[in-house]
Amino acid sequence: GFSDGAVYAIAQTPDGYLWLGTSSGVVRYDGVRLTPLPLRPGHKLPNAASAAILPARDGSLWIGTLDGLVSWKDGELTHYPVFAGRTVITLVQQRDGTVWAGSFGGPTGKLCAFRGEQTTCYGDDGQLGGSVASVYEDDDGNLWVASGTGLWRWAPGAPRRYLDTAIQT
């Protein structure tokens, strides 16, 4: 086999490498072989199974796992406790550099924005339902969020729900 386990996420970094989030860890594919994410001794992902990968413009690699969120840059692994014990399944970086992450696995879905050292989270009030399944920035700079309560335009401006979970025709 190509990979030791199911592949849940694929992303390409500017250097051309493919990064795969698998059920057994994160690996880099150079077109010939797979190489595990080179973690320093004593460092580990919150869970080997990785459901989302985002190569950020600052050179960091954001990794959403079944038990939390980390970023990896220059050999250093940074953990984000706000997602401890949650499955992070979606990551996107906006034009302004903000990294957004969405999850499920707690009493409510959670959506967090990471701007430098500042983190802002939403969803603890239940407005997003049980999950944040997808986040997308369109060509006009609108941030769209698919959650357990429907489709939201999150930015710019105040969040606005467009559709509830029932499909409307």
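Not measured: the values here are computed from a predicted model. Every heavy atom of this structure was used, including side-chain atoms; hydrogens, water molecules and symmetry mates were not.
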Novice: To check you understand the geometry: which heavy-atom pair defines the closest contact between Gly141 and Pro156, and what is its length?
Specialist: O-CD, 4.2 Å
Novice: If I take atom OG from residue Ser23 and atom OH from residue Tyr8, how far apart are they, to the nearest 0.5 angstrom?
Specialist: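 Answer for the OG-OH pair, Ser23 versus Tyr8, is 4.5 Å.
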Novice: Could you report the tightest heavy-atom contact between Ala101 and Val88, atom names first, then the distance?
Specialist: CB-CG1, 4.2 Å
Novice: Restricting to salt bridge (Lys or Arg N to Asp or Glu O under 4.0 Å), what partner residues turn up for Arg40, sequence neighbours left out?
Specialist: Glu76
Novice: Got a second to check how far Asn47's CG is from Asp67's CG, nearest 0.5 Å?
Specialist: 4.5 Å
Novice: Taking Val7 as the starting point, is it possible to reach Trp19 by hopping between hydrophobic residues whose side chains are less than 4.5 Å apart?
Specialist: no
Novice: Checking the side chain of Ser134 only, and the main-chain atoms of Ala146 only, is there a donor and an acceptor separated by less than 3.5 Å?
Specialist: no
Novice: Can you tell me how far the CG atom of Leu69 sits from the NE2 atom of His79, to the nearest 0.5 Å?
Specialist: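 Output value for this atom pair is 10.0 Å.
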Novice: Using 0.5 Å steps for rounding, measure from the SG atom of Cys112 to the CG atom of Leu91.
Specialist: 11.0 Å
Novice: Search all heavy atoms of Gly25 against all heavy atoms of Ser50 and return the closest pair with its distance.
Specialist: C-OG, 4.4 Å
Novice: Transitively linked via ILVMFWY side-chain contacts under 4.5 Å: Trp62 with Phe83?
Specialist: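 They do share one cluster, since a chain of ILVMFWY contacts under 4.5 Å joins Trp62 to Phe83.
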Novice: So do Ile10 and Tyr29 actually touch side chain to side chain, heavy atoms under 4.5 Å?
Specialist: no
Novice: Is a side-chain donor or acceptor of Asp140 paired with a backbone partner of Asn142 at a separation under 3.5 angstrom?
Specialist: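 Not a single qualifying donor-acceptor pair exists.
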Novice: If you take all heavy atoms of Leu77 and Lys44, which pair is closest and at what distance?
Specialist: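 Looking at all heavy atoms of both residues, the closest pair is CD2-O, 3.4 Å.
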Novice: Within the 4.5 Å heavy-atom criterion, are Pro55 and Leu61 side-chain neighbours or not?
Specialist: yes
Novice: Rounded to the nearest 0.5 Å, how far apart are NE2 of His43 and OG1 of Thr78?
Specialist: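 One gets 9.5 Å once the value is rounded to the nearest 0.5 Å.
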Novice: Can you tell me how far the OG atom of Ser71 sits from the CD1 atom of Ile63, to the nearest 0.5 Å?
Specialist: 8.0 Å
Novice: Is Val92 reachable from Ile53 through a run of I, L, V, M, F, W or Y residues, each pair having side-chain heavy atoms under 4.5 Å apart?
Specialist: no
Novice: Report all side-chain donor-acceptor pairs from residues 115-132 shorter than 3.5 Å, counting only partners two or more places apart or in another chain.
Specialist:
{"residue": "Arg115", "atom": "NE", "partner": "Thr98", "partner atom": "OG1", "Å": "3.4"}
{"residue": "Asp125", "atom": "OD1", "partner": "Gln127", "partner atom": "N", "Å": "3.0"}

Novice: Ignoring hydrogens and angles, tell me if any N or O in the side chain of Glu137 forms a donor-acceptor pair with the backbone of Arg95 under 3.5 Å.
Specialist: yes
Novice: Is there a side-chain contact (heavy atoms from CB on, under 4.5 Å) between Lys110 and Val82 once you walk through the steps?
Specialist: CA-CA 9 Å; Lys110 185 172 274 206; Val82 70; 3.7 Å; yes
Novice: What are the two closest heavy atoms between Pro107 and Arg86, and how far apart are they?
Specialist: CD-NH2, 4.1 Å
Novice: Which atom names give the shortest non-hydrogen contact between Ala9 and Ala51, and what distance separates them?
Specialist: CB-O, 3.6 Å
Novice: How about CZ on Arg57, more than 12 heavy atoms from neighbouring residues, nucleotides or ligands closer than 6.0 Å, or not?
Specialist: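 Yes - once you tally the heavy atoms of other residues, nucleotides and ligands closer than 6.0 Å, there are more than 12.
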Novice: Membership question, hydrophobic clusters at under 4.5 Å side-chain separation (ILVMFWY): are Trp100 and Leu54 in the same one?
Specialist: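 Shared cluster, no.
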Novice: Which one of Trp152, Trp154, Trp144 satisfies the ring-ring contact (aromatic ring centres under 6.0 Å, His included) criterion with Tyr162?
Specialist: Trp144
Novice: Between the main-chain N or O of Leu143 and the side-chain N or O of Gln94, is there a donor-acceptor pair closer than 3.5 Å?
Specialist: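 A pair under 3.5 Å: no.
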